[in-house]
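None of the values given here were measured: they were computed from a predicted structure. Note on naming: letters A, B, ... go to the chains in the order of the sequence lines (proteins, then strands), and numbering restarts at 1 for each one.
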There are 2 protein chains.
Amino acid sequence: MLLNTLEPLSAYVDTSSIAPALPRSRCDTCHLRTANFCGALFDGEFAAVRAKHRSTAARRNIYRAGEPSEGVLVVCEGWAVRFVQLPNGKRQVLSVVLPGDLVSPTGLLERQFSFSIQAVTDVRSCFLPFAEVRARMRDNPALFDIWLRLTAAEQRDADKRLVDLDQRAAQERIAALIVHVLTRFEERGEVHNDEFPFPMSQQQIADFTGLTPVHTCRVLSSLRKHSICDVGHGMVKIADRRELQRMAAIK
Amino acid sequence: MLLNTLEPLSAYVDTSSIAPALPRSRCDTCHLRTANFCGALFDGEFAAVRAKHRSTAARRNIYRAGEPSEGVLVVCEGWAVRFVQLPNGKRQVLSVVLPGDLVSPTGLLERQFSFSIQAVTDVRSCFLPFAEVRARMRDNPALFDIWLRLTAAEQRDADKRLVDLDQRAAQERIAALIVHVLTRFEERGEVHNDEFPFPMSQQQIADFTGLTPVHTCRVLSSLRKHSICDVGHGMVKIADRRELQRMAAIK
DNA sequence: CGGTACATTGAGAAATTTCAAAGTTGGTGG
DNA sequence: CCACCAACTTTGAAATTTCTCAATGTACCG
């Protein structure tokens, strides 16, 4: 469907060989394994899993639209974005993928996708083989339920995002992104001193919000100037949470 | 979640009693039954179905966000829109529902939704009881497959729509909507003389595309002036299909 | 130390919104 | 059958948001 016709060739190269120095790890040592889909999928028997792990350097593609997919993708460590590359060179980021996220619940049994996945930071990811997932879904109704819930949540998110992009001003869209990530990090207890990781570049924020990088920069400057929050250098520091949440709230 | 806090109270009233004069019909006489989800669901045994049909007058709500849902909604006749009503009075139309469409495949087992459904024309709809659908899904793997495919398609559509709204100018968004409907009517052989039904008001088109009604009007005028297509009076007449499709194409 | 990617700033242009008013249409009751 | 009403459509002018182009500044990596 949509192909990444204008991406530099380098993005197509298999990056396994030039992977960053992440610890070689497996599902049975994953510290997220009790909290996510993997946890339900393997139900304790992590040692038995033959999932294929891969490391990808920041800014490289983990999956490219149209390629045959090796299995269900889970991002174990690092941030990624799910995006489509338009023929005219623009990009639309569809969603941000945080550690532990199943990339596309709805696409569970699809063998190829119309979107690509790019690593934002260095990423360690995991392809759960289709056959394994399907077999376990058949045997395990609870797992099926979890998957149903993830699927419904994904669709709700897509609807929410549509409203976001269509009805809201630049500042509100960016605030909504920051609050979305803030919320997710807070659930995991990973926010300290109102500060948390935020490795997306302004270009990536722009591709997510549908703004130009220039305008994104102006909005971020304005947020900084008004002492609401400071985005940069891979982190966000929240200064006025009340105001930020007011901006992010749907009106 | 999102409630329709600003809708006039009249929209909340049960409309069954003031329903329009549509023929009272049932699934076993539905002329769409071989082509859609219902067809697969009942697999010929239409007489046995105890689905609850309802008629709704144009511009009234079929379902309102947050209400307990009676079952899976299928629109049998007429057009509807799936939308969210924002607290500030704006509306976002998430998708257009044409005759025979299952409203939200992904929400198959959800008991309530965060969106509402409004009838565009007079509508006859059908709530398939959850229990019935679930039972038949269990017994019938082929049905389950169809449902999987519908779900994946819904998510793909949502992604496509995100790109549409975020990356494209007013004219292109409107062209894309017209071509989308054109394509669906053409599949059913319901386009004659480059003309087909299009009962959405400019306000509804605006809510779908995220534009103001005023700007929507200007764009439609411009399409008319340039002899590309003429939208109005419940119909579209295509004058320059090549150009319209060029405008609707993703660049 | 140099390069490349990333961030910032300015000024002018373009698309879209807002506000306001006037025209049209279709349906309803008299 | 007409008159009226309400909802929908059209048009104009000014304001606002966001984009584009272009130049300069900054940080990190090898």
Side-chain angles (χ1 to χ4, degrees), chain A residues 7-8 10-11 18 20-21 57-60 88-91 118-122 164-175 198-225 230-236 247 251, chain B residues 7-8 10-11 18 20-21 57-60 86 88-92 118-122 164-175 198-225 230-236 247 251:
Chain A
E7 281 178 71
S10 62
I18 55 165
R59 310 289 139 126
R60 301 221 155 225
N88 67 3
K90 291 187 177 174
R91 268 176 19 144
Q118 185 188 45
V120 172
T121 62
D122 291 343
D164 253 39
L165 292 182
D166 221 18
Q167 303 281 353
R168 315 187 65 204
Q171 221 185 22
E172 301 169 325
R173 295 186 205 176
I174 290 181
F198 197 88
M200 289 172 78
S201 70
Q202 291 185 357
Q203 177 70 62
Q204 288 166 332
I205 298 172
D207 290 341
F208 182 84
T209 52
L211 304 169
T212 52
V214 173
H215 197 59
T216 301
C217 175
R218 289 193 221 277
V219 170
L220 292 178
S221 300
S222 146
L223 289 175
R224 212 170 289 133
K225 201 178 68 188
D230 187 345
V231 178
H233 305 282
M235 300 288 291
V236 179
M247 283 175 28
K251 289 188 238 9
Chain B
E7 282 181 67
S10 63
I18 56 166
R59 310 290 140 126
R60 302 222 152 222
L86 306 180
N88 67 2
K90 291 186 177 177
R91 269 174 20 143
Q92 174 68 48
Q118 185 188 45
V120 172
T121 63
D122 292 342
D164 253 40
L165 292 182
D166 223 17
Q167 303 281 354
R168 317 186 64 203
Q171 222 184 22
E172 300 170 324
R173 296 186 205 177
I174 290 181
F198 198 87
M200 289 173 79
S201 70
Q202 291 185 358
Q203 176 70 63
Q204 287 165 333
I205 298 171
D207 291 341
F208 182 84
T209 52
L211 305 168
T212 52
V214 173
H215 197 59
T216 301
C217 175
R218 290 193 221 278
V219 170
L220 292 178
S221 299
S222 146
L223 289 176
R224 213 171 287 133
K225 200 176 69 187
D230 186 345
V231 178
H233 307 281
M235 301 288 290
V236 178
M247 285 176 25
K251 290 189 244 359

Practice task
Compare the minimum distances between each of dT18(D), dT9(D), dA20(C) and the side chain of His215(A), then state the nucleotide with the smallest one.
Solution key: dT18(D)
Problem - First of Arg173(A) and Met200(B) reached from the 5' end of DNA chain D, by closest nucleotide - result: Met200(B)
Exercise for the section: Using a cut-off of strictly less than 4.0 Å, decide whether Arg218(A) has a side-chain nitrogen or oxygen near OP1 or OP2 of dG10(C). Expected result: no
Exercise for the section: Using only side-chain N and O atoms of Gln202(B), determine if any of them is under 4.0 Å from OP1 or OP2 of dT10(D). Expected result: yes
Completion exercise
In whole angstroms, the gap separating P of dT9(D) from CZ of Phe198(B) amounts to 11 Å
Problem - Atom-pair distance (CD on Gln203(B); P on dT17(C)), nearest Å - result: 12 Å
Fill in the blank from the handout: Separation of dC6(C) atom C1' from Arg59(A) atom CZ, nearest Å, is 9 Å
Exercise for the section: May I ask you to decide whether Arg224(A) forms a salt bridge with Asp230(A), counting only side-chain N to carboxylate O separations under 4.0 Å? Expected result: yes
Handout entry: Any Arg91(B) side-chain heavy atom under 4.5 Å of Gln204(B) side chain
Key = yes
Practice task
Measure from the side-chain heavy atoms of Cys217(A) and tell me the nearest of dG26(C), dA7(C), dT18(C).
Solution key: dA7(C)
Practice task
Just call it for Gly234(B): base, sugar-phosphate, or nothing, with non-hydrogen atoms closer than 4.0 Å on any strand.
Solution key: nothing
Handout entry: Nearest listed nucleotide, side chain of Val214(B), among dT18(D), dA22(D), dA20(C)
Key = dA20(C)
Completion exercise
note: Gln204(B), atom CD; dT9(D), atom P; distance rounded to Å ~ 9 Å
Completion exercise
Residue pair His233(A)/Thr216(B) against DNA chain C: nearer the 5' end by closest nucleotide is His233(A)
Completion exercise
Here the distance between atom P of dG27(C) and atom CG of Asp122(B), to the nearest Å, is 11 Å
Practice task
Let me know the distance between CZ of Arg168(A) and P of dT17(D), rounded to the nearest Å.
Solution key: 16 Å
Practice task
Quick one: label Arg224(B) by what it contacts on the DNA or RNA (base, sugar-phosphate, nothing), any heavy atom closer than 4.0 Å.
Solution key: sugar-phosphate
Exercise for the section: Please determine if a side-chain N or O atom of Ser221(B) lies less than 4.0 Å away from the OP1 or OP2 oxygen of dT11(D). Expected result: yes
Practice task
Mind calculating the distance between CG (Asn88(B)) and P (dT18(C)) to the nearest angstrom?
Solution key: 10 Å
Handout entry: Nucleotide nearest Ala170(A) when distance is taken to its side chain, options dT17(C), dT9(D), dT18(D)
Key = dT18(D)
Practice task
Flag the pair Arg60(B) / Gln118(B) as yes when at least one side-chain heavy-atom distance between them is below 4.5 Å, and no otherwise.
Solution key: no
Practice task
Classify the nucleic acid contact of Leu211(A) as base, sugar-phosphate or nothing, counting any heavy atom under 4.0 Å across all strands shown.
Solution key: sugar-phosphate
Practice task
To the nearest Å, give me how far apart CG (Leu220(B)) and C1' (dT9(D)) are.
Solution key: 10 Å
Practice task
May I ask you to decide if Arg173(B)'s main-chain N or O and Arg168(B)'s side chain share a donor-acceptor pair within less than 3.5 Å?
Solution key: no
Practice task
Using a 4.5 Å cut-off on heavy atoms from C-beta on, say whether the side chain of Phe198(A) contacts that of Ile205(A).
Solution key: yes
